[in-house]
2 protein chains.
Amino acid sequence: MALRHAVLAALLDRELSGYQLAKAFDLGVANFWHALPQQLYAELTRLEQDGLVTGRDVPQETRPTKRLFRVTDAGLAELDRFAAAASKPSFLRDDLLVKIQAADHVAVGPLIEQLTDRAAFARAKLDLFEQLLRTMRGDRTEEEFLRHGERVGPYLTCLGGITYERGNRDWCERVLAVLEERQALGART
Amino acid sequence: MALRHAVLAALLDRELSGYQLAKAFDLGVANFWHALPQQLYAELTRLEQDGLVTGRDVPQETRPTKRLFRVTDAGLAELDRFAAAASKPSFLRDDLLVKIQAADHVAVGPLIEQLTDRAAFARAKLDLFEQLLRTMRGDRTEEEFLRHGERVGPYLTCLGGITYERGNRDWCERVLAVLEERQALGART
DNA sequence: CCTCCGTACTCATCGATGTGAATAGTCAGA
DNA sequence: TCTGACTATTCACATCGATGAGTACGGAGG
């Protein structure tokens, strides 16, 4: 049950509404976890029932009233407990990998298309993440920021996202090169 | 529902029993998917009902009778259909990442321990995967094998596993260096 | 005026995944 | 001889995560 703790971690820096959280956890930004709005609203409700976050209603003039949440002391304690417990190892779990495993027995055209898309997606996320890092460290160098910055957690997870997406991009490019060359060779025979 | 297709892809090369599949999908080897024995037995039952695999009983002298499964033509067609459909993007989903996000608000000792373990785990998997690649390509060079080998899918997914674990290892080491330096600086103040 | 987009949230359901326990025989080592 | 590990599989349950639909309001653009 890490969604719970991902939400707590996301609320450490600032109060957020379910809607804002949902944007932070969606496709574009999620650098350390991913979840859909419905899951987040449900989790926030449970967290509040358990006293780990508190919400307050904020009426707005033109927009519907929103509910901002912040972490309680109990929430912080729970997060600390979670951080100290052993992590289960993370596994690669990716449809595309399954398809590539079967590459010799299925049509390669669609695979090439999907690998191209995936590589483009990885490049887009890399750009986004690198922009994010620049924003976080401001005018300091990375070394300087990581040594003395007061909030480095999000920076480190963003580095994780970059490492992951770089891997993604490189692997896609490698596989593309192989499949395309094999396709060219096969076509000639 | 990719477990279904992961099982089909795993059965492409050779007949396997549920038990053998379970070993292939467990911690050590799973280079393209991970699943527990119970899921696999359940999935095999469903796959057989749907006519995508067929099983045959193989009595053994000293061991209990096992049931070996192979992919049917319908299974192959289903796999092809799956490979041609769009993949949902894969997301990083890792407890440890959540913990690092909260690094500035929780005890760092346990984090350092977990990062060390994770890095060691990644190194172990890298060794394993590199051994696997050598076995698959035999005495050919990688380029030669990938150009002309007849079954490169598993090799390519294994390369994916290597890329992923290399990223894991590098990121863990980077984060370790940062957290340890900050701990040392903090202790001095 | 009408439609679409953005904010803000809820409900319901399904399939995927994880956990725990049970059975039952063989083999190797202390 | 007892213990634990390995082969081989099944059942039941709980929780997690994904998907689709639905509500309600306001503002922008054609």
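Throughout, protein chains are lettered first and strands after them, A, B, ... in sequence-line order, and every chain is numbered starting at 1. Quantities reported herein were computed from a predicted structural model and do not represent experimental measurements.
Set against C/dT17, D/dT9, C/dA8, the side chain of A/K66 has C/dA8 as its closest nucleotide. Here the nucleotide nearest the side chain of A/W33, chosen from C/dG18, D/dT9, D/dG17, is D/dG17. Closest approach to the A/Y19 side chain among C/dC9, D/dT9, D/dG20 is made by C/dC9 (side chain taken as heavy atoms from C-beta onward). The listed nucleotides are D/dT7, C/dG18, D/dC16; the one nearest the side chain of A/R46 is D/dC16. In this structure, of D/dG17, C/dT19, C/dA8, it is C/dT19 that holds the atom nearest to the side chain of B/L36. Of the candidates D/dT7, C/dA8, D/dT9, the closest approach to any side-chain atom of B/R67 belongs to D/dT9.
In this structure, the side chain of A/R137 does not engage the main chain of A/L146 through any donor-acceptor pair within 3.5 Å.
Straight-line distance from the CZ atom of B/R56 to the P atom of D/dA8: 13 Å, rounded to whole Å. Atom pair B/L21:CG and D/dA8:C1' shows a separation of 13 Å (rounding to whole Å applied). Atom OH of A/Y41 and atom C1' of C/dC11 are 14 Å apart (whole Å). When the C1' atom of C/dC14 is taken as reference, atom CD of A/Q39 falls 13 Å away, rounded to whole Å. A/K23 places its NZ atom 9 Å from the C1' atom of C/dT7, with the value rounded to the nearest Å. Computed from coordinates, the B/E43 CD to D/dT9 P distance equals 16 Å when rounded to whole Å. Look at CD on A/Q20: it is 9 Å from P on C/dC9, rounded to the nearest Å. The distance between atom CG of A/D57 and atom C1' of C/dA8, rounded to the nearest whole Å, is 12 Å.
Within the nucleic acid shown, A/R4 has no heavy atom closer than 4.0 Å to any nucleic acid atom.
Heavy atoms from other residues, nucleotides or ligands lying under 6.0 Å from CG of B/D73 number 12 at most. By the 6.0 Å contact criterion, CG on A/D139 is open, its count of non-hydrogen atoms from other residues, nucleotides or ligands being 12 or less.
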Exercise. Evaluate the ring-ring contact (aromatic ring centres under 6.0 Å, His included) criterion for residues B/F82 and B/H5: first the C-alpha distance (whole Å), next the side-chain angles of each, then the deciding distance (0.1 Å), finally the verdict.
Key: CA-CA 8 Å; B/F82 169 73; B/H5 303 100; 3.9 Å; yes
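Positionally, the nearest nucleotide of DNA chain D for B/S17 lies more toward the 5' end than for the other of B/R93 and B/S17.
For B/Q38 against C/dG18, a side-chain-to-base donor-acceptor contact under 3.5 Å is absent.
Ring geometry for B/Y155 against B/F145 counts as tilted: the plane angle lies between 30° and 60°, on a 0 to 90° scale.
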